[in-house]
Every structure is written in structure tokens, then in C-alpha cells.
Number of protein chains: 2
Amino acid sequence: MARTQGSHSDITGPRIQKVALQLFARHGYAAVSMRQIAKEVGVQVGALYNYLPDKQSLLFSLMNKHMQDVLAAWKEQKATLDPCRPDGLLEEFARFHIRFHMARPDAVFIAYMELRNLSPENFAKIEALRKSYEGELQSILDAGVAQRIFTLRDSKITTLAVIAMLNGVITWYRSGGRLSLEEVEATYWDMVRKAVTG
Amino acid sequence: MARTQGSHSDITGPRIQKVALQLFARHGYAAVSMRQIAKEVGVQVGALYNYLPDKQSLLFSLMNKHMQDVLAAWKEQKATLDPCRPDGLLEEFARFHIRFHMARPDAVFIAYMELRNLSPENFAKIEALRKSYEGELQSILDAGVAQRIFTLRDSKITTLAVIAMLNGVITWYRSGGRLSLEEVEATYWDMVRKAVTG
DNA sequence: GTCTATAAATGGATAGAC
DNA sequence: GTCTATCCATTTATAGAC
């Protein structure tokens with residue numbers, strides 16, 4: 001990790017984000033020091049502050065990027081689908097969610113575990129993005145209920161239950177394990193489909 | 001919070017556990033100092049160490065008590081049920097889980113968020129208890145599959161998915177809100193039932 | 001842009017008086 | 001059993017040399 005002195009603005013910035021993501025996910029925001037991050041990046045502590053005003057803004061930028069990414073990716077995916085078929089939309093949402101989140105376990109971990117460590121202002125911003133993402137699922141469920149394709153007692157609770165269930169994947173899935181990504185997707189989609197129908 | 005000097009061994013011990021549970025749940029283990037705990041309890045820092053050897057053992061005792069409690073409570077509940085009816089067992093498991101966890105949101109929060117902050121030895125102990133609890137659900141599912149009452153692709157994944165879904169309740173439920181506890185129980189049970197059948 | 005050195009605050013834990 | 005005082009390590013963040 002030792003770095004000879006010199007200017008590396010093009011690589012240090014991204015490396016800080018990448019290292020912080022890994023360390024925050026593994027040990028938790030409060031348990032990781034700026035010195036640990038600097039060491040792993042390969043610079044001294046002072047250098048970090050050329051790229052960020054403080055530790056809090058580092059956490060926020062990681063969480064904000066993740067939420068922006070997931071929203072943008074889903075909207076791109078949604079654009080390729082028939083907007084009038086809630087069953088197709090729901091299947092793609094479930095599969096998309098698992099695929100997207102399993103590719104970014106560290107970011108997902110942070111997004112759901114470090115909400116407490118955001119400042120009130122930052123919390124409000126992230127919370128708004130989360131609500132927006134939940135809204136995507138809820139409107140699919142509502143549309144399905146209106147078309148009498150889905151049967152469920154409460155679309156708000158179902159939204160939260162489905163997302164909680166899907167998020168659980170990242171707590172246990174390890175690539176190269178007993179099941180392939182496709183099998184995991186299929187198993188979860190099977191449960192979601194049945195839970196919202198007859 | 002001020003406390004006059006004197007001996008209070010009977011109340012200080014339990015108060016430390018109660019206060020630590022609240023503070024750890026709200027701010028996270030790493031973000032809470034022993035000084036904060038002492039202040040909230042109404043003693044000085046030094047006094048805490050009459051009741052615990054270090055901060056880590058405080059976290060462990062909270063998590064260990066919670067896991068022992070949930071296992072004991074479920075076994076008591078199970079003893080009143082017909083062991084040969086997986087459908088009845090599953091419904092009671094789902095309802096029990098929601099009821100028990102919603103009555104202890106702080107303990108649940110800690111049990112699922114602070115695993116990273118346990119020492120390796122303590123982590124192994126808590127993990128064993130969690131696996132034991134998951135095993136209770138999985139054996140219900142396996143029995144139901146054997147009796148051809150349940151239809152599911154993978155009992156291990158289904159176990160984790162159901163628990164993740166049920167745990168999600170504590171992230172949003174607030175008593176006195178739109179739905180009663182009974183309605184929440186019924187809604188979740190409805191989803192679980194459908195997810196593991198036809 | 002990075003380094004070294006340091007400020008100023010806070011952390012866990014302990015010793016000894018009462 | 002609790003308090004006060006303190007040790008010692010570590011924290012975030014900054015200042016100024018290169």
C-alpha cells in the first residue's frame with residue numbers, strides 16, 4: 001500500500017470511494033477511522049481532505065450514489081417493458097432487484113445499515129430516494145390489483161415485505177455456492193409471484 | 001438523571017442493560033460511548049465497571065439474552081401445538097415471530113445490525129443460536145413438503161426469505177399507526193402461506 | 001496533491017478515596 | 001457501590017512545508 005510522494009488526483013479520488021465502501025460495509029461507518037481508509041488507499045490522512053470536506057460527506061456520497069444508480073438502472077429496465085402488464089413488470093422488478101443488489105453487496109449493506117449515521121439533512125435526502133424506489137414497486141402492485149391480476153391485503157405492507165425479502169439475499173448469497181444466480185432469482189420470483197396472487 | 005451518591009446494586013445492573021439496549025439500537029454500538037451510557041443510567045463511568053468487564057461483554061449479553069429469550073419462547077409456544085401439522089406450526093411460527101419481535105424492536109435491531117461488532121468468539125455463539133432458530137422454521141417447511149402440504153423450490157432459501165420478510169416489520173411498524181398488530185400478523189401470514197403453497 | 005506534525009476532543013478502562 | 005481523577009490510545013480535522 002505504500003505510495004511514493006506525488007500527484008495522483010485521477011486515481012486517488014475513486015480509490016477513496018472504493019476503499020471506504022469496502023471498509024464501511026465490513027466494519028461499519030463508526031468503527032472505521034480516516035487513518036484506516038488512508039492506509040488502504042495508500043496515502044496519508046491529510047491527503048484525504050483534498051477530496052472530501054469530512055467523513056460524513058463520504059458516507060453520504062456512497063449512499064447517494066447507490067440510490068441514484070439503482071433508481072436510474074430500474075428506470076432504464078422499465079423502459080423496455082410493457083407498462084400495462086403488472087405481472088411482467090413485477091417479475092422484472094424482482095429479478096432486477098436481486099441481480100442489481102447481488103452485484104453490489106457492499107453498497108447495499110451500507111445503504112441499509114448506516115442510515116442511523118447520516119446527519120438529519122443527509123438522512124432526509126436518502127430517505128426520499130428510498131421512498132421513490134419503494135413507490136416503483138407499490139405502483140406495480142396497485143396496477144395489478146386494479147387489473148385483478150394480483151390479490152393482496154395491503155399494497156404498502158406488501159411492498160415493504162417484498163423488498164425486505166429480496167434484500168435478505170445479500171446476507172447469505174456467495175457466488176460459487178450451491179445455487180447459481182439464475183436459480184436464486186427463480187426461487188425468489190416464485191415466492192413473490194405466489195405471495196401476490198391467488 | 002442526576003443520582004446522589006450511594007449503593008444501588010439492585011437497580012443499577014438492570015438499568016445499564018436497558019439503557020445500553022436503547023442507545024445501541026438508536027445510534028449503533030460503535031457510536032455509543034460508555035460515558036453516554038453512564039450519564040443516561042445516572043451514574044459515573046467508573047461505576048459501570050462494577051457490573052461488566054468491558055463494553056464488548058455488554059453487547060454480547062444483550063444479544064445473547066435476546067436469542068435465548070426468543071428460542072425459549074418459541075419452544076414454549078411450540079409445545080402447545082400439534083407437532084404433526086406443518087400448516088398450523090407455520091402459521092403459529094409466523095405470528096409468534098411478528099408478535100415477539102414487535103414487542104422488542106430494540107433488541108431485534110441490535111441482534112441483526114451489530115453482529116459485525118462482536119468478537120469472533122462471541123459471534124460464533126450468537127450465530128449458533130440464530131442457526132438454531134432458523135432450523136426451527138426449516139424443519140417445519142421440510143415436514144410440510146414431505147406431507148405434500150407445502151410447495152417450494154428450496155427450504156433453506158425459503159427459510160431465510162421468510163425470516164427476512166418478517167423481520168422487515170420492525171423497520172416500519174409503529175403501534176398506534178394505520179394497522180393493528182392483528183392486521184399486520186394476518187397480512188404477513190397471508191403472504192407466507194401463499195408463498196409456500198400452490 | 002501529498003506529506004509531516006499537531007491541535008483539540010473523545011474514546012475505553014483503571015486507581016484509590018469515601 | 002459509587003465517585004473523582006487520570007492514564008493512555010485514538011479520533012477528526014487542520015496548518016504549513018515541499
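Every chain is numbered from 1 and lettered A, B, ... according to where its sequence line falls, protein lines coming before strand lines.
- Rounded to whole angstrom, the span from the CG atom of B:Leu58 across to the P atom of C:dG11 amounts to 16 Å.
- The side chain of B:Lys55 has C:dA13 as its nearest neighbour among D:dA13, C:dA13, D:dC3.
- Of the charged side-chain nitrogens involved, at least one lies within less than 4.0 Å of a carboxylate oxygen, so that B:Lys156 and B:Glu134 count as a salt-bridged pair.
- Ranking D:dC3, C:dG1, C:dA13 by closeness to the B:Ala47 side chain, first place goes to D:dC3.
- In this structure, CD1 of A:Ile16 is placed 13 Å from P of D:dA13, rounded to the nearest angstrom.
- At the phosphate of C:dT2, neither OP1 nor OP2 sits under 4.0 Å from any side-chain N or O atom of A:Gln44.
- Rounded to whole angstrom, the span from the CZ atom of A:Arg15 across to the C1' atom of C:dG1 amounts to 16 Å.
- As rounded to whole Å, 17 Å separates atom P of D:dT10 from atom CD1 of A:Ile37.
- Scanning both residues, A:Leu81 and A:Trp74, for their nearest heavy atoms gives CD1-CH2, 4.4 Å.
- Side-chain proximity of A:Tyr49 to the nucleotides C:dT2, D:dT14, C:dG12 is greatest for D:dT14.
- Between A:Val70 and A:Phe96, some side-chain heavy-atom pair lies under the 4.5 Å cut-off.
- Within residues 17-29 of chain A, no residue has any heavy atom closer than 4.0 Å to DNA chain D.
- Taking the six-membered ring for Trp and the full ring otherwise, A:His97 and A:Tyr133 have centroids separated by under 6.0 Å.
- Not one side-chain nitrogen or oxygen of A:Thr12 sits closer than 4.0 Å to the OP1 or OP2 atom of C:dG1.
- Here D:dT10 presents its C1' atom at 11 Å from CD of A:Gln36, a figure rounded to the nearest Å.
- One interatomic measurement links the two molecules: CG of A:Leu48 to P of D:dT14, which rounds to 12 Å at whole-angstrom precision.
- Listed by chain and number, the residues in a side chain to side chain contact (heavy atoms under 4.5 Å, CB included) with A:Asn64 are A:Phe60, A:Gln68, A:Ile126, A:Leu129 (sequence neighbours excluded).
- Rounded to a whole Å, the OH atom of A:Tyr51 is 18 Å from the P atom of D:dA13.
- Put simply, CD on B:Glu185 and CG on B:Leu166 are 10.5 Å apart, with the number rounded to the nearest 0.5 Å.
- Within 6.0 Å of atom CZ in A:Arg104, more than 12 heavy atoms from other residues, nucleotides or ligands are found, so the atom counts as buried in its surroundings.
- Put simply, CG on A:Asn50 is 13 Å from C1' on D:dA13, counting in whole angstrom units.
- Between B:Glu91 and B:Arg95, at least one side-chain nitrogen of the basic residue sits less than 4.0 Å from a carboxylate oxygen of the acidic one, meeting the salt-bridge criterion.
- Using a 3.5 Å distance cut-off with no hydrogens or angles, the side chains of B:Ser180 and B:Glu182 do not pair a donor with an acceptor.
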Please tabulate, one pair per line, each protein N/O and nucleotide N/O from nucleotides 5-10 of chain C that are separated by under 3.5 Å, including the distance.
none

